[in-house]
A.B. asks: 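Take this structure first; my questions come after.
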Amino acid sequence: MKYLMINGKKEQIPSFPHHKAYIYRSKQFFSAKGIATHLTMGDFITLKELYNGFKNKCSLPRVLLVDPTSNCNLRCKGCWSQDYESGHNISYEKFDDILNQAEELGIMDCLMTGGEPLLRKEDILKLCKKHNKMTFGAFTNATLIDEEFADAMAELGNLNVFISIEGTAEETDFRRGAGVYDKAIRAMDILRSRDIGFAFSACYHSRNYRTIASDDFLDKMREQGAWFGWMFQYIPVGSDADTSMVCTAEQRAYVLEKIRDYCVKHDYVIVDFWNNGHLSFGCIGAGVGFAHINAKGDVEPCAFCHYSDSNIYDVSLAEALRSKFFTAFRDAQPFSDNPLRPCPLIDNPQAIIDVVNAGGAKSTHLANPESPEDLARKSFDRAKEWEALAGELFQKMPEHNRKNFPLFLKYLSFKKGITDGRRKKI
């Protein structure tokens, strides 16, 4: 039997695909000390991915992200969903088909983004019940979580939620609207009372980064029952993105170091999406770890990268993963030899221009298309600042992180070679 220390208590972890097993596997992934522990984690999931990728001649993501809808019941400041055309939904039948394809490829984790995915919660519950060998998660503003939905989650066992929160009540309501903080806390209370291992999901930016990285906030999330956390930097995606909210290099470094120290001290799992590159081979988009399908069916490298050359209504999931754009994207990975600079969107902005053009991809930003040049232009200065500081931070990292990253890159090259059919010399 597997166990995790959660908020000072030893918790038993049911077997996969229970939602708590997803948390257990996430901890294994982000605490792997080397290639051996990475390859043998879980039920040898990494080796299964290699085999299935070789069999299907495509790099298979561990997690498939899907937007059930482009609609949202909130209008948060700085959120790109405001730029999206409303009314796009992946039908129950098409979502079911996507999940069938994913299972056939060996992809067993599906996370839902949006829009607000719980606007489709009845369909989600039906799909979780039907695909009961997969685990599901939803990034949600939590305003639609009630007692009835939580009871259904507890009965299913394979559905998790990641509740968006921005820090204090004032900071959360600043971006999300009056009263949203209280609704999120109420949802946490409901889930905790049913022993559901949910996560908090925090977007940090120049105005709230100190709160998000503070012991007070993180202690509060653990007290509320959050088994783990997701951290996302504010990314200036979209035509009206407020670039003043982008963190400076010093602010990003502050969050990196505070979150790292907190996780070590409390044996807690927080996935800081951009600052954890040293634990995940750098960028994991385009099938290396993630792939994303938006509500219109466009298949994208990740939820933040709004470019695509294939649509799930026109091609199979395997064909999309083998597309010219995804292949060009993977060929360019890693985007830096410093794992603290993993991302082509904000750390290496010239790279997003290069891979979009090389792959013949188009903007999928729906109502307000954005060229890669326009997106990159917003990040060049910040990326230059971060490059210098990230170099210093990498040299201060634990020795096993600095030594293992080159080995991880060799493994990544090997994986791309056997899955994309172009074996590379290691």
Side-chain angles (χ1 to χ4, degrees), residues 2 15-17 21-22 24-65 98-111 131 133-135 271 276-293 299-302 310 315-335 337 339 342 400-401 403-426:
K2 301 178 178 70
S15 60
F16 182 86
Y22 175 82
Y24 181 85
R25 293 197 328 189
S26 296
K27 180 177 176 61
Q28 283 188 305
F29 182 87
F30 286 101
S31 61
K33 298 298 183 183
I35 291 295
T37 51
H38 179 77
L39 291 173
T40 56
M41 69 176 58
D43 297 321
F44 296 95
I45 182 174
T46 305
L47 294 176
K48 291 176 182 176
E49 288 169 354
L50 282 171
Y51 172 75
N52 289 328
F54 173 75
K55 183 172 66 174
N56 292 283
K57 293 295 181 287
C58 60
S59 186
L60 296 176
R62 179 159 301 178
V63 178
L64 182 66
L65 297 102
I98 292 169
L99 295 175
N100 284 331
Q101 292 184 59
E103 286 187 280
E104 289 176 6
L105 292 171
I107 303 168
M108 305 307 295
D109 294 304
C110 176
L111 303 186
H131 296 271
K133 294 182 180 179
M134 297 183 71
T135 186
V271 181
N276 281 154
H278 59 295
L279 304 176
S280 62
F281 317 122
C283 171
I284 55 175
V288 171
F290 279 178
H292 177 248
I293 302 173
V299 185
E300 304 166 334
C302 78
S310 56
V315 300
S316 69
L317 179 56
E319 288 170 328
L321 293 170
R322 291 192 292 260
S323 77
K324 181 180 179 182
F325 175 47
F326 267 45
T327 301
F329 199 102
R330 288 194 295 268
D331 281 348
Q333 294 168 318
F335 294 103
D337 58 4
H400 72 269
N401 286 137
K403 286 187 174 180
N404 280 332
F405 188 65
L407 297 177
F408 280 151
L409 294 187
K410 289 185 177 181
Y411 163 74
L412 180 61
S413 178
F414 172 74
K415 179 182 179 181
K416 289 192 291 186
I418 65 171
T419 57
D420 286 347
R422 301 187 311 282
R423 184 180 296 277
K424 299 182 179 181
K425 185 176 180 181
I426 300 179

A.B. asks: So do the side chains of Val63 and Ile284 get within less than 4.5 Å of each other, counting heavy atoms only?
C.D. replies: no
A.B. asks: For Arg62, give me all partners under side-chain hydrogen bond (donor to acceptor under 3.5 Å, both in side chains), at least two apart in sequence or on another chain.
C.D. replies: Thr46, Glu49
A.B. asks: Listed by chain and number, what are the side-chain contact (heavy atoms from CB on, under 4.5 Å) partners of Tyr51, not counting sequence neighbours?
C.D. replies: Lys55
A.B. asks: So does Ala286 get a backbone contact from the side chain of Arg330, meaning a donor-acceptor N/O pair under 3.5 Å?
C.D. replies: yes
A.B. asks: Would you say the side chain of Pro17 lies within less than 4.5 Å of the side chain of Met134, judging by non-hydrogen atoms?
C.D. replies: no
A.B. asks: How long is the gap from CG on Leu39 to CD1 on Ile45, to the nearest 0.5 Å?
C.D. replies: 12.0 Å
A.B. asks: Output the distance between atom OG (Ser59) and atom CG (Leu50), rounded to the nearest 0.5 Å.
C.D. replies: 9.0 Å
A.B. asks: How would you list, by chain and number, every residue that makes a ring pair (Phe, Tyr, Trp, His ring centres under 6.0 Å) with Phe16, sequence neighbours excluded?
C.D. replies: none
A.B. asks: Are Val288 and Gln333 close enough, and set up right, to give a side chain to side chain contact (heavy atoms under 4.5 Å, CB included), and what steps lead you there?
C.D. replies: CA-CA 9 Å; Val288 171; Gln333 294 168 318; 3.1 Å; yes
A.B. asks: Side chains of Ile293 and Leu64, heavy atoms from C-beta outward: is any pair under 4.5 Å?
C.D. replies: yes
A.B. asks: Would you please name every residue forming a ring pair (Phe, Tyr, Trp, His ring centres under 6.0 Å) with Tyr24, sequence neighbours left out?
C.D. replies: none
A.B. asks: Please list, chain by chain and in numerical order, all residues satisfying side-chain contact (heavy atoms from CB on, under 4.5 Å) with Ser26, sequence neighbours excluded.
C.D. replies: Tyr22
A.B. asks: Would you say Val315 and Val299 make side-chain contact, with heavy atoms under 4.5 Å?
C.D. replies: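 No. Closest side-chain heavy atoms not under 4.5 Å.
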A.B. asks: If the condition is ring pair (Phe, Tyr, Trp, His ring centres under 6.0 Å), which residues does Phe335 pass it with, not counting sequence neighbours?
C.D. replies: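 Expected list: Phe329.
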A.B. asks: Who pairs with Glu104 by side-chain hydrogen bond (donor to acceptor under 3.5 Å, both in side chains), at least two apart in sequence or on another chain?
C.D. replies: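 Applying side-chain hydrogen bond (donor to acceptor under 3.5 Å, both in side chains) to Glu104 gives none.
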A.B. asks: Could you tell me which residues satisfy side-chain contact (heavy atoms from CB on, under 4.5 Å) with Asp43, sequence neighbours excluded, listed by chain and number?
C.D. replies: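 Testing Asp43 for side-chain contact (heavy atoms from CB on, under 4.5 Å), a comparison that skips the adjacent residues, returns Lys48.
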A.B. asks: Which residues pass the side-chain hydrogen bond (donor to acceptor under 3.5 Å, both in side chains) test with His131, sequence neighbours left out?
C.D. replies: Asp96, Glu103
A.B. asks: I'd like to know whether CG of Asn100 has more than 12 heavy-atom contacts from other residues, nucleotides or ligands below 6.0 angstrom.
C.D. replies: yes
A.B. asks: Looking only at heavy atoms, which two atoms of Ser310 and Ala320 are closest? And how far apart?
C.D. replies: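 In this case the closest contact between Ser310 and Ala320 is OG-CB, 3.6 Å.
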A.B. asks: With distance as the sole test, does Gln101 use its side chain to make a donor-acceptor pair with the main-chain N or O of Ile98 at under 3.5 Å?
C.D. replies: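 Here the side-chain-to-backbone pair does not exist.
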A.B. asks: When rounded to the nearest 0.5 angstrom, what is the spacing between CG in Leu407 and NE2 in His38?
C.D. replies: 12.5 Å
A.B. asks: Does Lys57 make a cation-pi contact with Phe54 (under 6.0 Å, within 45 degrees of the axis)?
C.D. replies: yes
A.B. asks: Taking side-chain contact (heavy atoms from CB on, under 4.5 Å) as the definition, give me every residue that meets it alongside Ser15, ordered by chain and number, with sequence neighbours left out.
C.D. replies: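 Once residues adjacent in sequence are excluded, Ser15 has no partner under the side-chain contact (heavy atoms from CB on, under 4.5 Å) criterion.
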A.B. asks: Output all residues satisfying side-chain hydrogen bond (donor to acceptor under 3.5 Å, both in side chains) with Asn56, sequence neighbours left out; order by chain, then residue number.
C.D. replies: none
A.B. asks: Would you compute the distance between atom OG1 of Thr419 and atom CG of Leu321 and round it to the nearest 0.5 angstrom?
C.D. replies: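 If we round to the nearest 0.5 Å, Thr419:OG1 and Leu321:CG are 10.0 Å apart.
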A.B. asks: To check you understand the geometry: which heavy-atom pair defines the closest contact between Pro61 and Ala291, and what is its length?
C.D. replies: CB-N, 3.8 Å
A.B. asks: Quick one: CZ on Phe30 to CZ on Arg25, what's the gap to the nearest 0.5 Å?
C.D. replies: 12.5 Å
A.B. asks: Is there side-chain contact between Leu99 and Cys110, with at least one heavy-atom pair below 4.5 Å?
C.D. replies: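 Yes - at least one pair of side-chain heavy atoms lies under 4.5 Å apart.
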A.B. asks: As an exercise, state the distance from CG of Asn276 to CZ of Phe29, rounded to the nearest 0.5 Å.
C.D. replies: 9.5 Å
